[in-house]
Amino acid sequence: MASAYDNMDIQQLEYEISTLEDEVARLKAQNLSLDMARGKPSPEQVDLSRPMLDGLTSVSDLTDGDVDVANYGAPDGTPSARKLGGELLGVDPAQVTVSGSSSLSLMYDVVCHAWTHGVMGETPWSKQEKVRFLCPSPGYDRHFAITEHLGIDNVAIEMGDDGPDMDELCRLVEGDATVKGIWCVPKYANPTGVTYSDEVVRRLAALKPAAPDFRIFWDNAYAIHDLEQPGDVLLNIFDAIAEAGSDNLVYAFASTSKVTFPGSGMAFVAASAADMADLRATFAIQRVCPDKLTQLMHTRYLADLTAMRGHMARHAQVVRPRFELVERKLKAGLGDIGCARWTHPKGGYFVSFDGPEGSAKAIVSLAAELGVKMTGAGATWPYGKDPRDTNIRIAPTYPSLEELGAALDVFVVCVKLVSARLALAARS
Ligand SMILES: Cc1ncc(COP(=O)(O)O)c(C=O)c1O
């Protein structure tokens, strides 16, 4: 993208750079310590769920339907938790398992199941010569870390405005039996905020993979995390699969991490009946039963999807001003220069920012020098390698509005200085 810096003559650029360097020196002297790195809910958001803690006391009825929540049993989760998971993921509760508090742990378990025992009786991935996973990028670093950790080859594919590059995806999935999976965050993707279009969901559901043990890892982490109403509407992938006459194609995930208390909630996995039976055979070895008291506490407080959406509307009231501040500060600081672009998500937890080619590492490192911690540049690509070194993930939810404003002011100066220096370097 051509910026105002590209149109300046060398003298103007040198003057601009020296002014920005003075600004950097002033900011450095403030000894700031601000964090825009991780997508954590703010304390105000977490506090919204405190009343849930009063829901269980020493005299509470500890049964859910015919399940004794206080004892072993119900390995797939309480009836109410599975019903809620079914509503959240758009699937029959019989096809939902609720276990632990982290969906990422469930994803890891499911990949490990395929790795050690194989998907539905196929050769375990660990015994196959090559296993590749598609990683729409920019994407979620912790997804890529799971497959990288097991020695699976992560293959980046471009993320567009309505989902992954479907032509490339179909070519790879349908033409190459070593491609075993794809990481998808279909609604308010981390970090782009993109929601997959109906056409993308339909094309995914109609895939004819070359590998019988190919699965879509459908991480619907932000299913109900709308910032405004109406929020984006994601087509139900299970319905699309049924329409396409396919089956056994998707493992879907969600959790209450960014609904109630991260690390102390419920995580869900859903799949076709056959895939779920296959997964449960492994889960049965791994665990006796889940934390049903947590499930009971949650489902008494948030009994159905309507209650969950009401709760998330209160989250939105806290989060929306932060996203608005990001938009205002970036537009005011960078809008006229044209050296960067960023996303304007209607939900989720992130804004995805792209500076000029070769700028991201330098921006993040300069921001760190000035006391502002950002997600590492490159983290949104497999192996931490952003081929153009442009992408930076902004996580605005955790800091207070005041801290966020201060951090964004620093960020804008860093972007300007690095971009101006790159423009000058391009002249010499
Ligand atoms: C896309 C996505 N999936 C999963 C997680 C983690 O979820 P959990 O806390 O359920 O493991 C995150 C957290 O940032 C995320 O962005």
Side-chain angles (χ1 to χ4, degrees), residues 35-42 45-46 49 77 81 84-85 88-89 96-112 133-147 149 154 159 163-164 181-196 216-227 232 234 237 250-270 290-291 294-295 298 302 308 312 315 319 322-323 343 345 347-352 374-376 379-382 391 393-398:
D35 193 337
M36 278 203 294
R38 275 280 153 205
K40 296 198 317 191
S42 62
Q45 286 174 267
V46 172
S49 298
L84 190 61
L88 192 59
L89 291 169
V96 178
T97 294
V98 193
S99 182
S101 65
S102 162
S103 59
L104 200 70
S105 295
L106 279 177
M107 290 174 230
Y108 188 82
D109 290 345
V110 172
V111 174
C112 283
F133 236 77
L134 304 184
C135 302
S137 302
Y140 180 37
D141 54 350
R142 291 183 191 268
H143 282 163
F144 306 162
I146 290 179
T147 32
H149 183 68
N154 283 336
M159 255 311 268
I182 177 168
W183 290 115
C184 293
V185 184
K187 187 167 173 188
Y188 304 137
N190 176 350
T192 58
V194 161
T195 296
Y196 291 14
I216 298 166
F217 284 65
W218 194 250
D219 178 4
N220 210 347
Y222 301 108
I224 50 173
H225 299 58
D226 307 301
L227 287 173
D232 290 349
L234 175 71
I237 188 125
V250 160
Y251 298 131
F253 304 87
S255 80
T256 57
S257 282
K258 287 164 183 168
V259 177
T260 58
F261 300 105
S264 303
M266 302 188 287
F268 310 93
V269 54
D291 174 358
T294 295
Q295 296 183 6
H298 274 75
L302 301 170
M308 271 194 146
M312 293 314 289
H315 274 261
V319 177
R322 288 166 166 79
F323 276 77
T343 54
Y349 260 59
F350 305 101
V351 171
S352 180
M374 315 275 313
T375 309
T380 53
W381 287 75
N391 189 250
R393 188 180 80 163
I394 297 177
T397 53
Y398 188 76

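As the structure lists them, so they are numbered: ligands from 1, and atoms in each ligand from 1. The shown structure was predicted, so the numbers you read here are calculated from the model rather than taken from an experiment.
Taking the six-membered ring where tryptophan is involved, the planes of F253 and F217 are essentially parallel, since the angle between them stays under 30° and well short of 60°.
For H315 against K258, the heavy-atom pair with the smallest separation is CE1-O, 3.9 Å. Annotation for L88 and A223: closest pair CD1-CB, 4.3 Å, computed over non-hydrogen atoms.
In terms of protein heavy-atom proximity, atom 16 (O) of ligand 1 is closest to Y222 OH, 2.6 Å. Ranking the protein heavy atoms by distance from atom 5 (C) of ligand 1 puts Y140 OH, 3.4 Å first. With respect to atom 9 (O) of ligand 1, the closest heavy atom belonging to the protein is S257 OG, 2.5 Å. Among protein heavy atoms, the minimum distance from atom 11 (O) of ligand 1 is reached at S102 OG, 2.7 Å.
Close contacts of ligand 1 with V185, meaning ligand atoms under 4.0 Å from a residue heavy atom, involve 1 (C). In the vicinity of A221, heavy-atom distances shorter than 4.0 Å reach the ligand 1 atoms 1 (C), 2 (C), 3 (N). Remark: ligand 1 atoms within the under-4.0 Å shell around heavy atoms of S255 are 8 (P), 10 (O). Residue K258 approaches ligand 1 through these ligand atoms, each under 4.0 Å from one of its heavy atoms: 12 (C), 13 (C), 14 (O), 16 (O).
Taking CE of M36 as the start and CD1 of I394 as the end, the distance is 5.5 Å to the nearest 0.5 Å.
For S105, no nitrogen or oxygen atom sits less than 3.5 Å from a nitrogen or oxygen atom of ligand 1, counting backbone and side chain alike.
Aromatic pair W183/F133: ring centres closer than 6.0 Å.
With distances taken over non-hydrogen atoms, the option nearest atom 7 (O) of ligand 1 out of P186, A254, S103 is S103.
Between the side chains of R393 and N190, a donor-acceptor pair is found at a separation under 3.5 Å.
Side-chain contact between L227 and Y349 is absent, with no heavy atoms from C-beta onward closer than 4.5 Å.
For D219, every heavy-atom contact with ligand 1 shorter than 4.0 Å involves the side chain, none the backbone. With a 4.0 Å heavy-atom cut-off, ligand 1 is reached by no atom of R142. The residue Y349 has no part lying near ligand 1, judged by heavy-atom distances below 4.0 Å.
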- request: For side chain to side chain contact (heavy atoms under 4.5 Å, CB included), just list the numbers for D35 and M374, CA-CA rounded to whole Å, side-chain angles, deciding distance to a tenth of an Å, and then say yes or no.
  value: CA-CA 6 Å; D35 193 337; M374 315 275 313; over 6 Å; no
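A cation-pi geometry, defined here as NZ or CZ lying under 6.0 Å from the six-membered ring centre and within 45° of its normal, does not hold between K187 and Y222.
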